[in-house]
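Shown next, in structure tokens, is the structure this report addresses.
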Amino acid sequence: MNAIAPIPPGDNALTAMADDLAGKGWARADGWFGAELCAALREDALARFMAEEDAPAGVGREGDFTLDRSVRQCRLAWLDGGDPAQSAFLARAEALRLELNRRLYLGLLEFEACYAFYPEGGYYGRHRDSFRGARNRVVSLVLYLNPEWDTDWGGQLIVYEDETPVSVDPAFASAVLMLSEETEHEVAETRHPRLAVAAWWRVNQTVVRETPLAAI
Ligand code: OGA
Ligand code: MN
């Protein structure tokens, strides 16, 4: 997928990103996924949502899935790499994983990602993406796929730097990294349909082992 491979930010930008992530609990990663890739992802996401391959968003996943519309109002469609835009995205995310591990020794291992569509009136109340100490989701990534965004539309990501709210417009190809266990954030109610990729790196395996460890 050379056609949608972005120009990567230089070493200094990556170091600044890693420093912000470790120091402030979050960082902007705006240059990492290029505009062409984001356009392809948007098309793929809209096709998926139109085909209604998605499910209403809950809080948590699979076993601990509970649908709670009081805290989260959006629709999700999980990425499986089955589209060229998705595989290009997964490759870029993998390159970012290696850079973050190299700089921060996070030991990030697995990645999961979904498209998240917030209709008008959608929001996600203040939360962390992982329970502290669970070492489940370690670094969160959000990538915005909205061709234009007017601040008056709301829908901002509000990141809490300690208790100080910092507002990020979900503007095209903007991206944010957060420490999943540390950084509280919310999605302000949106007055315009809002599309993003929400993704996480984990340190544990999600696969349940059938073979006892002693037998390996
Ligand atoms: C999430 C989330 C933020 C955003 O999906 O967990 O916090 O800006 N998303 O979409
Ligand atoms: Mn979140």
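In listed order, ligands and their atoms are each counted from 1. Keep in mind that this is a model prediction, so the values were computed, not measured.
- Atoms of ligand 1 found under 4.0 Å from any heavy atom of A198 (numbered from 1 in listed order, with element): 5 (O).
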Q: Step by step, work out the side-chain hydrogen bond (donor to acceptor under 3.5 Å, both in side chains) result for Y118 and E189.
A: CA-CA 9 Å; Y118 292 70; E189 184 173 338; over 6 Å; no
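- Interface of D129 with ligand 1, defined as ligand atoms under 4.0 Å from a residue heavy atom, comprises 6 (O).
- Residue contact check for ligand 1: R194 places a non-hydrogen atom closer than 4.0 Å to it.
- Residues W78 and E112 have side chains that never bring a donor and an acceptor to within less than 3.5 angstrom of each other.
- No side-chain heavy atom of V176 sits less than 4.5 Å from a side-chain heavy atom of L141.
- By the 3.5 Å distance cut-off applied to N or O atoms, Y144 is counted among the residues near ligand 1.
- Closest to atom 1 (C) of ligand 1 among all protein heavy atoms lies Y124 CE1, 3.6 Å.
- Below 4.0 Å from some heavy atom of L157 lie the following atoms of ligand 1, by number and element: 3 (C), 8 (O).
- Using a cut-off of 4.0 Å between Lys/Arg side-chain N and Asp/Glu carboxylate O, R191 and E120 are scored as not salt-bridged.
- Ranking protein heavy atoms by distance to atom 5 (O) of ligand 1, first place goes to R72 NH2, 3.2 Å.
- The shell of residues lying under 4.0 angstrom from ligand 1, judged by heavy atoms, excludes Q156.
- Ion pairing of D169 with R194 is absent here, as no side-chain N (NZ or NE/NH1/NH2) approaches a carboxylate O to less than 4.0 Å.
- Aromatic ring orientation, H192 versus W153: parallel (interplanar angle below 30°, classes split at 30° and 60°).
- With the Mn ion (ligand 2) as the vertex, atom OD1 of D129 and atom NE2 of H185 span an angle of 100° (nearest 10 degrees).
- The pair E36-R92 does not count as a salt bridge, with every side-chain nitrogen at least 4.0 angstrom from each carboxylate oxygen.
- Both cation-pi conditions hold for R126 and Y160: the charged atom is under 6.0 angstrom from the six-membered ring centre and inside a 45 degree cone around its axis.
- At a heavy-atom cutoff of 4.0 Å, ligand 1 is contacted by the side chain of H185 but not by its backbone.
- Nearest-residue assignment for atom 9 (N) of ligand 1 (options T190, V197, V187; heavy-atom criterion): V187.
- At a heavy-atom distance under 4.0 Å, no atom of V168 approaches ligand 1.
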